[in-house]
Structure formats: C-alpha cells, structure tokens
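Side-chain atoms are counted along with the backbone in the values below, which use heavy atoms only and exclude waters and symmetry mates.
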Amino acid sequence: MAAFNAWGWSARSLLLLLIATMSFSIRLFSVVKYESVIHEFDPYFNYRVTQFLTKNGFYNMWDWFDDRTWYPLGRVIGGTVYPGLIYTAGLMYNILHFFNIPVHVQEVCVFTAPLFSAFCSLAAYGFVSECWDSGAGLAAAALIGMVPSYISRSVAGSYDNEGVAIFALVFTFYTFIKTVNSGSLRWGTINLAAYFYMVLSWGGYSFVINLIPIYCLVCVATGRLTARHYLAFAPLVFVGTLLAASIPVVGFNAVLMSEHFASFLVAAVMHAALAVRWVRALLPRRQFEYATRLVLLGGACALAGMVLMVLGYVLRSPTFGWTGRSLTLLDPTYASRFVPIIASVSEHQPPSWPSYITDLHFAALLAPAGIIAAFRKLDNGSLFLVLYGITAVYFSGVMVRLMLVLAPAVCCLSGVAISDTLATLTASLKAGYTSFQKTQRTLPTGDAADGEAST
C-alpha cells in the first residue's frame with residue numbers, strides 16, 4: 001500500500017511538472033516567431049519602471065517623478081502604480097545577478113508572465129484538490145494552463161499586472177480554503193501574505209475581499225460557521241486591511257471606500273454568531289432566551305446607529321463611496337450615463353456570447369456540470385467553488401476584461417466536472433464487472449462452460 005501511494009505521488013508530481021512546462025512553453029510563441037520584445041503601452045511603461053528600480057533601488061522608485069508619462073503633467077510613480085509586478089521582476093533580476101547570471105532586465109520582464117502562468121497551474125491544482133480531489137486538481141491545472149482568456153494576458157512580452165495577479169488570485173483562494181480545512185495558523189499566515197501580494201499586484205483585489213466575506217456570510221446563514229472559518233477570515237480582514245493601507249496607491253481607501261465595507265460587516269456578523277454560540281453553551285435555556293432578547297434589542301440599536309453613521313458618510317459622496325469602475329460592475333449603465341471615459345474603453349464593454357466560446361473553449365460547456373457536481377457535495381470547498389463561479393459569471397457579463405477573472409473559475413469547475421464524470425464512469429464499469437463476476441460464480445459449471453464456449 002505504501003509503495004502504491006508513493007507511485008501515485010510520483011505520478012502526480014510528474015504530471016504537474018509536465019503541466020507547468022506546457023503552461024510556460026505555450027506562451028513562448030511570440031518569442032519564437034518574432035523575438036524577445038515588450039508588447040503594448042502599459043507593459044512598456046512597467047518595463048521602464050522596472051529598469052529604474054534595478055538601477056536606483058526599491059526605495060528611490062517610490063519617490064520617482066516620471067516626467068515622460070502622462071505628458072505634460074508627469075506621473076508620481078510611487079503613488080499611482082500597483083508595484084507587485086515590478087517588485088517581482090526586480091527581485092528575480094537581483095537574485096539572478098547575485099548568482100552571477102548576466103540576464104538583461106528586459107528578458108526578465110518578458111518571461112515573468114509565462115513563469116507565473118506555470119505557478120498559477122500549480123496553485124489551481126492545490127485549490128481544486130482542497131475543494132474536491134487531486135484528479136480534479138490535475139484537470140483544472142491543465143485547463144488553466146491553456147485557456148485562451150488567460151493566455152492572452154500572460155503571453156511572453158505581455159508585462160502587465162494581470163501576468164502575476166491571476167496567480168495571486170488563485171493562490172489566495174487556495175490558502176484560504178486550506179486554512180478553513182486544516183484550521184492551521186501557519187496556513188492563515190500564508191493566506192495573509194498571499195492576499196497582501198494580491199493587493200500589491202492588481203486593483204482586482206477588491207474581488208477577493210468581497211467574495212470571501214460573501215462565502216463567510218453564507219456559512220453563517222447556513223449554520224456551517226466554525227472556528228476555522230474565523231481563523232481564516234479574521235486575520236484577512238483586520239491585518240490584511242492594515243497591510244493594504246500601507247500601499248500608497250490604496251492608502252486609506254482600504255477603510256474609506258464602500259468596496260471594503262462588506263468585509264467589516266461580515267466580520268461583525270461572524271463575531272456576533274460566535275458570541276451567541278458561546279453564550280448558549282454557558283447559560284441554561286431560559287436564561288439564554290432572556291439574554292438573547294436583551295442582546296437583540298441592544299444589538300438592533302447599535303446596528304441602527306452604525307447604519308446611520310455609514311449612510312451619513314456614504315451619502316456625502318455622489319458615487320456613494322464607490323469608485324466609477326465598481327459602480328459600473330453593480331450598475332452596467334452607470335458608466336455610459338456619468339463617466340463616458342470608462343465606457344469608451346473597449347475592454348470595459350459587455351462581452352458578446354461568442355466571446356465565452358472563443359475565450360474559454362469547451363470549458364464553458366463543462367463548468368455548469370461542475371456547479372451541479374459541487375452542489376451535490378456542498379462542503380466548505382465546493383461551496384466556495386460555486387460562489388466563485390456564480391459571481392465571476394456575473395462580473396464577466398458586465399466587462400469583457402473580467403473574462404480573465406472568470407477563466408480560473410471555469411477551469412476549476414470544469415476540472416470538477418471531468419473528475420466527477422470519470423469517477424461515475426469508472427464506478428459504473430467496476431460495478432458492472434463485479435456483477436458479471438458474481439453471475440459467473442452462481443452459474444452451474446456446465447452452464448458456465450457453455451457460456452464460455454458460446455463466447
């Protein structure tokens with residue numbers, strides 16, 4: 001049995017290595033066909049900032065005023081960029097030169113996105129393995145390595161934030177579910193670091209800090225809440241918010257913008273639910289009912305006061321404390337009516353139906369089957385997969401750019417569908433073979449021989 005387990009671990013490791021190699025290699029087509037170059041405007045701007053960082057150091061980059069960007073106004077780099085991508089490439093450049101490997105900074109920038117696509121495949125394997133099983137994880141890793149929507153933003157030379165941010169997104173979800181399943185403070189710390197890297201890398205971190213509270217709120221409403229959920233969620237809200245506020249481009253928006261209010265509200269609800277459970281275990285039933293009335297009355301008054309304070313703060317803003325892009329996600333007609341510059345960007349337009357097929361291929365057809373399979377199981381991991389898939393589908397329907405957020409969800413759900421289908425098929429074949437063997441054993445010897453002869 002130990003030898004069989006060792007062989008299975010070795011086979012999975014080999015398959016993961018091949019999947020990671022495929023994910024990296026499939027994105028090198030532009031380098032093979034043309035040459036090692038940076039594509040488009042934003043990647044080239046990131047390349048210039050990375051050049052400055054490698055020549056002048058990390059701290060000087062924060063104070064750099066680039067007079068060639070946003071000409072003639074210029075741009076304060078430290079307060080207007082998400083530095084995760086730039087710091088990652090700069091760190092890899094310094095590590096390579098520390099070991100006397102003379103690689104130009106341009107080559108590091110060109111190959112950063114393909115390298116992190118391989119890491120994303122490994123993170124997807126871990127995420128789906130925690131939510132379902134290792135077979136589904138392998139299928140999801142293979143799919144996310146070759147889904148067109150992700151390839152378009154992680155091809156060699158596409159040195160943009162999404163190249164590392166999608167890995168950070170999937171890895172944050174993986175470490176969160178790992179913390180929920182294991183109840184380990186070590187994994188909670190890793191989850192906190194993964195979320196911090198996500199905030200460093202992309203403005204899409206608001207999707208993470210809203211999806212996880214939605215999941216925790218559903219766990220409270222359905223009676224699934226445990227101390228492990230609190231261990232995974234509380235550091236993410238309190239310490240994660242402090243870390244996010246330390247990034248200049250985010251700053252006090254981490255506590256002042258409406259995008260983050262859901263996490264604070266759910267944290268309060270979670271504390272209240274756990275407090276009620278603790279008090280119920282201490283008091284007799286009659287005293288608990290009396291205390292519940294007092295607490296509900298006081299809590300209702302306190303909640304009404306907090307709601308009035310939040311409304312008073314939010315109503316002072318014409319956008320109710322939301323950014324223009326976030327309001328566009330909640331109200332697809334907002335940008336066309338009030339912020340035409342957002343609506344004018346092509347990737348902010350709603351996608352057409354064929355886009356789901358061209359960007360996701362057959363994974364778009366398998367994802368609904370994955371949701372059905374996850375609903376049948378519906379534990380902590382599968383519930384998170386369902387919520388991730390549903391929310392990602394909605395947001396991708398508002399902006400074609402957010403097909404990039406939908407792609408990992410569809411690949412993970414498709415991996416579940418493939419694994420569940422193969423498990424059902426093999427179980428049916430095994431049951432049929434077992435039934436055939438039992439029938440052969442119960443037949444008389446002569447009948448069995450006649451059966452074999454006729455066969």
Side-chain angles (χ1 to χ4, degrees), residues 8 11-13 15-16 18-20 22-23 117 119-150 166-167 169-182 207-208 211-212 214-215 218-219 222 224 232 356-357 359-396 402-430:
R12 283 197 301 272
S13 300
L15 285 174
L16 282 175
L18 293 175
I19 289 171
M22 177 202 69
S23 301
S117 68
F119 294 159
C120 185
S121 296
L122 301 180
Y125 167 77
F127 175 46
V128 181
S129 296
E130 284 296 318
C131 294
W132 199 261
D133 58 27
S134 58
L138 289 172
L143 289 172
I144 205 170
M146 57 185 178
V147 65
S149 179
Y150 184 32
I166 298 303
F167 158 74
L169 177 82
V170 177
F171 188 66
T172 302
F173 290 158
Y174 162 57
T175 53
F176 177 77
I177 293 298
K178 184 70 173 180
T179 306
V180 171
N181 289 340
S182 64
F207 179 77
V208 176
L211 176 60
I212 291 178
I214 290 173
Y215 166 76
V218 172
C219 289
T222 56
R224 298 173 179 270
Y356 287 91
I357 302 300
D359 286 1
L360 304 174
H361 280 188
F362 66 91
L365 305 177
L366 293 175
I371 292 179
I372 295 172
F375 261 117
R376 289 208 312 267
K377 187 179 179 182
L378 211 61
D379 57 3
N380 287 326
S382 57
L383 175 62
F384 190 89
L385 274 177
V386 170
L387 293 175
Y388 180 22
I390 292 173
T391 53
V393 166
Y394 168 75
F395 289 127
S396 69
L402 295 181
M403 292 287 288
L404 189 60
V405 176
L406 175 64
V410 167
C411 292
C412 293
L413 289 169
S414 298
V416 169
I418 293 172
S419 176
D420 187 63
T421 302
L422 291 178
T424 303
L425 177 62
T426 53
S428 300
L429 292 175
K430 183 178 179 180

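Contact of the Asn380 side chain with the Ile177 side chain is not registered, since no non-hydrogen atoms from C-beta on lie closer than 4.5 Å. Between Phe384 and Ile212 the shortest side-chain heavy-atom distance falls below 4.5 Å. Considering only heavy atoms from C-beta on, Phe173 stays 4.5 Å or farther from Leu385 through its side chain. Residues Phe207 and Leu402 form no side-chain contact, since every pair of their non-hydrogen atoms from C-beta on lies 4.5 Å or further apart.
Atom CG of Leu15 is separated from atom CE of Met22 by 11.0 Å, given to the nearest 0.5 angstrom. Atoms OH and CD1, from Tyr394 and Ile390 in turn, are 14.0 Å apart once rounded to the nearest 0.5 Å. Taking CG of Asp379 as the start and CG of Asn181 as the end, the distance is 7.5 Å to the nearest 0.5 Å.
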Under the side-chain contact (heavy atoms from CB on, under 4.5 Å) criterion, do Leu122 and Phe171 qualify, and how do the steps go?
CA-CA 9 Å; Leu122 301 180; Phe171 188 66; over 6 Å; no
Assess whether side-chain contact (heavy atoms from CB on, under 4.5 Å) is satisfied between Val128 and Cys411, documenting all intermediate values.
CA-CA 10 Å; Val128 181; Cys411 292; over 6 Å; no
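Considering all non-hydrogen atoms of both residues, Lys377 and Cys131 come closest at NZ-O, 3.7 Å. For the residue pair Leu413 and Gly389, the shortest heavy atom distance occurs at CD1-CA, 4.0 Å. Scanning both residues, Ser117 and Ser23, for their nearest heavy atoms gives OG-O, 3.4 Å. Closest non-hydrogen pair, Val147 versus Asp359, comes out as CG2-O, 3.5 Å. The two residues Gly415 and Ala139 make their nearest non-hydrogen contact at CA-CB, 3.8 Å. The two atoms that bring Ala423 and Thr426 nearest to each other are O-OG1, 3.0 Å, heavy atoms only.
In this view, Ala232 and Phe176, Thr179, Val180 satisfy the side-chain contact (heavy atoms from CB on, under 4.5 Å) rule, not counting sequence neighbours. For Ser129, there are no side-chain hydrogen bond (donor to acceptor under 3.5 Å, both in side chains) partners, not counting sequence neighbours. Residues that satisfy the side-chain contact (heavy atoms from CB on, under 4.5 Å) test with Cys120, not counting sequence neighbours, are Ile144, Tyr150, Ile166, Phe167, Val170. Taking the side-chain hydrogen bond (donor to acceptor under 3.5 Å, both in side chains) definition, one finds that Thr175 meets it with Asn191, sequence neighbours left out. Scanning for side-chain contact (heavy atoms from CB on, under 4.5 Å) contacts around Thr222 gives Val218, Arg224, with sequence neighbours left out. Judged as a side-chain contact (heavy atoms from CB on, under 4.5 Å), and not counting sequence neighbours, the contacts of Ser396 are Tyr356, Met403, Leu406.
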Under 3.5 Å, which donor-acceptor pairs do the side chains of residues 363-374 form with other protein atoms, sequence neighbours left out?
none

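Between the side chain of Tyr174 and the main chain of Tyr125, no donor-acceptor pair closer than 3.5 Å is present.
Listed by first and then second residue, the side chain to side chain donor-acceptor pair (under 3.5 Å) pairs involving residues 383-392 amount to none (not counting sequence neighbours). The side chain to side chain donor-acceptor pair (under 3.5 Å) analysis of residues 407-420, with sequence neighbours excluded, yields the pairs Asp133-Ser419, Arg376-Asp420. Residue pairs that meet the salt bridge (Lys or Arg N to Asp or Glu O under 4.0 Å) test with at least one member in residues 382-392, sequence neighbours left out, do not exist here.
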